[in-house]
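These notes are about the structure you will find just below.
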Amino acid sequence: MFGIETLSGNAKALALVGLVFVQAISLYVVYGALGQVLGPRIRSALRGE
Amino acid sequence: MEILGMSALMVATFTGFGLLIGILFGFFGMGGSFLVTPALLVMGFRSEVAVGSGLAFVFGTSVIGALKHRGLGQVDYKLAVLMVVGMTSGIEVGKYVIEFLSAAGALDLFISVAYIGLLAIVGLVTLRDARSDDDGDDGSRFAEKLRNVRIPPTISLNGGSSVSLWIILAVGFGIGILSGILGVGGGFLLMPAMMYGFGVPAAVAVGTDILQITLSGAFGAFTYAQSGYLNLPVVASLLTGSALGARIGAAATSLANEDDIKGYFAAMLLAGSLAVASKNLGNAFDVSVLQTVSIVLILGSALVVSAAVLYSSITELRANGVSEATDAHAKAD
C-alpha cells in the first residue's frame with residue numbers, strides 16, 4: 001500500500017506515522033469544509049424546518 | 001472487495017466503530033483511545049498490534065484536536081517539553097515491558113487484565129461523578145502534597161505556581177509507561193495532573209495536554225511501527241470515522257445535558273471491561289459464545305450510548321426549533 005511495503009525499519013515507521021499525520025490533516029480540512037456547507041442544512045432538517 | 005488491503009466489511013466496521021467513539025468522546029471531551037485498544041483485543045488482534053495501532057490513533061486524533069484548538073489553547077512550552085521528555089522515556093520503558101512480557105508468553109493476559117482494571121476504574125469513577133456533586137477533595141489534598149515537594153530545581157509555570165522538575169518528569173514518566181503499555185494517550189490523567197497537581201490554569205492545561213499527547217503519540221506510534229506493530233488500514237478506518245464523530249459529539253455538547261448521559265457512558269466503560277474479561281474467558285475455556293458476547297458488549301454498548309447522545313440532542317434541537325417558532329409567531333401577532 002502506497003509503496004510502504006518496499007521500505008523497512010525506521011523509514012517504514014516514519015512513512016506510516018507520516019501517513020497518519022497527513023490523513024488527520026486531510027480529515028480536518030475535508031470535514032471542516034463539509035460542516036460549513038452542510039451543517040446549517042442538517043440543523044434545519046433536524047429541527048423540522 | 002478490498003480497501004487499503006482490508007475487506008470492505010472490516011473497513012466499514014472500523015469506520016463505524018470510529019464514528020461511535022468519535023461521537024462519545026467528542027461529547028464527553030476525551031480522546032477515546034482507551035476504548036480502541038480493548039476493541040482491537042476483543043476483535044482478535046495481537047496485543048502489540050492493538051497497543052501500537054491505539055497509539056497511532058491517539059496521534060491522529062490529537063493532531064486534529066491540536067488543529068481545532070489552535071489559537072484557542074495557550075501552551076506552557078516549558079512544561080510541555082519536560083512532560084514529553086518524561087512521557088517518551090516512559091513509553092520506551094513501556095515498550096520494553098511489552099517485549100519482555102511477550103517473550104515470557106504473558107503479554108495477552110497482562111494487557112487484558114490491565115484493561116479490565118483500567119476500564120472498570122474509569123467507569124466506576126465516572127459513575128460516582130455522575131451520581132454525586134462531590135468536588136474531589138481527595139484529589140485536592142493529593143495535589144497539595146505534590147506541590148509541596150520542593151526537590152530543586154523548581155520550575156515556574158504559567159499561572160504562577162512552581163513545581164519541582166523531578167515531580168514533572170516523574171509524572172510524565174509514569175503516564176508514559178501507562179501509555180506505552182496500554183496504547184492510551186493519557187489525557188484523562190494528564191489534565192488533572194496539570195490542573196490540580198501543578199496548579200496550571202485550565203486553558204493552558206488543555207493546550208499543553210494536546211501538544212504533549214501529539215508529540216508523545218507520534219513517538220509511541222513510531223516506536224511500535226519500527227517493530228511492525230502498526231496496522232495502518234485499521235487506524236485509517238478508525239480515524240476516518242472518529243474525526244466525523246468527534247464533530248457531531250462536540251456539536252451535541254451545546255444541546256444534550258452531559259449529566260443525563262454520564263451514567264450510560266460509565267456503564268459502557270464497565271461493559272468494555274466485561275468484554276475484555278469475556279474474550280479472555282472464551283479463549284481460555286474455548287467457549288466461542290463468550291467471544292461473540294465480548295464483541296456484542298463493546299460494539300453494542302458504544303452504539304447504544306452514542307444513540308442516546310444523538311437522540312437527546314435531536315430532541316433538544318427540535319424542542320428549541322418549536323419554541324423559537326412559537327416565539328416568532330407570538331411576536332408577529
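Within every chain, numbering begins at 1; the chains are lettered A, B, ... in the order of the sequence lines, protein sequences first and strands thereafter. All values below were derived from every heavy atom in this structure, side-chain atoms included, with hydrogens, water molecules and symmetry-related copies excluded. Just so it is clear, the structure is predicted and the values come from calculations on it, not from any experiment.
Across every non-hydrogen atom of A/A24 and B/G60, the tightest pair is CB-O, 3.5 Å. When all heavy atoms of A/L27 and B/L239 are compared, the pair lying nearest together is CD1-O, 3.5 Å. Annotation for B/V63 and A/F21: closest pair CG2-CD1, 3.8 Å, computed over non-hydrogen atoms. Considering every non-hydrogen atom in both A/V20 and B/A56, the closest pair reads CG1-O, 3.6 Å.
Side-chain contact between B/F222 and A/N10 is present, with at least one heavy-atom pair separated by less than 4.5 Å.
When the candidates A/A13, A/S26, A/G39, A/A15 are compared by the number of heavy-atom contacts under 4.5 Å with chain B, A/A13 comes out ahead. Chain B forms more heavy-atom pairs under 4.5 Å with one residue of A/G35, A/S44, A/G32 than with any other, namely A/G32. For the set B/S313, B/A236, B/A221, the entry with the most heavy-atom pairs within less than 4.5 Å of chain A is B/A236.
The distance from atom OH of A/Y31 to atom OG1 of B/T240, rounded to the nearest 0.5 Å, is 5.5 Å. Atom-to-atom distance recorded for B/L230:CG and A/L19:CG is 10.0 Å, nearest 0.5 angstrom.
For a residue to count as touching a neighbouring chain, one of its non-hydrogen atoms must lie under 4.5 Å from one of that chain's; by this rule B/T214 does not touch chain A. For a residue to count as touching a neighbouring chain, one of its non-hydrogen atoms must lie under 4.5 Å from one of that chain's; by this rule A/I42 does not touch chain B.
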